[in-house]
Amino acid sequence: MAEEPVNVNGFRELARQTLPKMYYDFFTGGAEDQYTLKENEEAFHRITIQPKILVDMSSIDLSTMVLGYSISMPVMIAPTSRHKLANPSGEIVTARAASTCNTIMVLSISSTCTLEEVAACCNAVRFFQLCVYKRRDITAKLVQRAENNGYKAIVLTGDSPRHGRREADIKNKIIIQELKNVEGLLSTKIVTDKGSNLDALANQTRDPSFTWEDIGWLKSITKLPILIKGVLTHEDALKALEVGAAGIIVSNHGGRQLDYCPPTISVLEEVVHAVGGKVPVFLDGGVRRGTDIFKAMALGAQAVLVGRPVLYGLAAKGENGVRRVLEMLKEELELTMALSGCSNVKEITRSHVRTKHDRQLLSLL
């Protein structure tokens, strides 16, 4: 019998033992050389924590606000696709775990349960992730369905005009047909002899011409706030502000799109400085420890989004696995805060961390 994991990385090994290799590779893989995939985690290891000692830690509050909604910890579930490949109940049990832990789940447009099924399964704050299709009428219908079913924000993915080259999927010739949210609206039967049908499906259905100028159209069809996901530079952060984004998610798509783009934690501060507190900034990518969450908050993130660990928990132990992953991260963050002298998330400041750049500057003094 497999040992009970003591941290979220333990769930990855359980998932590997549980899943068919093709599906495990689909969830774990990144683009091309997987440099960015690996660096998303490694870059956190180059940041050290500067604790403050002899501070009253008798009570610690991890709660935070996201777009006016209170959540129990600064950790949300990132949009990841096709949860039924990990567990037959799919996104429904992921949503229930998020609800139990009092946090926000961002439902992927490529979910294997419909957005209506997820909305009906439990009472919770949820956001809907959107890629824009060539057929704008279908995109508009999806946005309206999300709004009608109580989703509280739209998360627009901006880094995917084309599908990243995920070589494990090509090698495995992965064929995935099910796209529940567009069933009856869009044909997802793509035949290809070039390995993975995911590339062909994404490239034939998504709109590669969608630009910053088109966000006005998206705003015109919904009252929901729009978060822009995929920002990695000062310039794009300013553009997101110009078009009226309600928030920014610093993300490189989990290292699955452009390889050799920077790890997200390494550019978080650049984006935070560009935004200047006008809208919240969130970090997605590489979070595996409570210390990672603490470092992201110290560098200016309002909260983090967690993707793969949730899928590993789901594959290993279903709803309880997802809940346990979230609880582990919460417990680790609470301990990190206690040992660093922070009794609430607002007390986590830039002075609590040192980056490689900080250390280089200090060495010159």
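Bear in mind the structure is a predicted one, so any value in this text is a computation, not a measurement.
For Lys21, the side chain to side chain contact (heavy atoms under 4.5 Å, CB included) partners two or more places apart in sequence, or in a different chain, are Asp25, Asn172.
The neighbour count for Leu364 CG, taken as heavy atoms of other residues, nucleotides or ligands under 6.0 Å away, is above 12.
Not a single donor-acceptor pair under 3.5 Å links the side chain of Glu13 to the backbone N or O of Gly10. A donor-acceptor distance shorter than 3.5 angstrom exists from the side chain of His83 to the backbone of Thr80, with no hydrogens or angles considered.
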Table please: side-chain donor-acceptor pairs of residues 223-233 below 3.5 Å, with sequence neighbours left out.
unit_1: Thr233; atom_1: OG1; unit_2: Asp236; atom_2: N; d: 3.1

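Both Ile248 and Val132 belong to a common hydrophobic cluster when Ile, Leu, Val, Met, Phe, Trp and Tyr are linked at side-chain heavy-atom distances under 4.5 angstrom. Follow the hydrophobic side-chain contacts under 4.5 Å out from Ile71 and you never reach Leu326; the two are in separate clusters. Phe44 and Ile249 end up in different hydrophobic clusters when Ile, Leu, Val, Met, Phe, Trp and Tyr side chains are linked at under 4.5 Å.
Salt bridge annotation for Arg136-Asp207: present, with a cationic side-chain nitrogen under 4.0 angstrom from a carboxylate oxygen.
Using cut-offs of 30° and 60° for the angle between ring planes, the Tyr35 and Tyr260 rings count as parallel.
Judged by a 6.0 Å distance limit and a 45° cone about the ring axis, Arg256 is positioned over the six-membered ring of Phe26.
Rounding to the nearest 0.5 Å places OG of Ser111 at 9.0 Å from CD of Gln129. Expressed to the nearest 0.5 Å, how far CG of Leu333 lies from CG of Leu62 amounts to 4.5 Å.
Pairs of residues two or more places apart, or lying in two chains, that qualify as side chain to side chain donor-acceptor pair (under 3.5 Å) and include a residue from residues 263-273 are Glu269-Arg350.
Residue Val325 is tested with Leu314, Val8, Asn320, Ile77 for a side-chain contact (heavy atoms from CB on, under 4.5 Å); the sole match is Val8.
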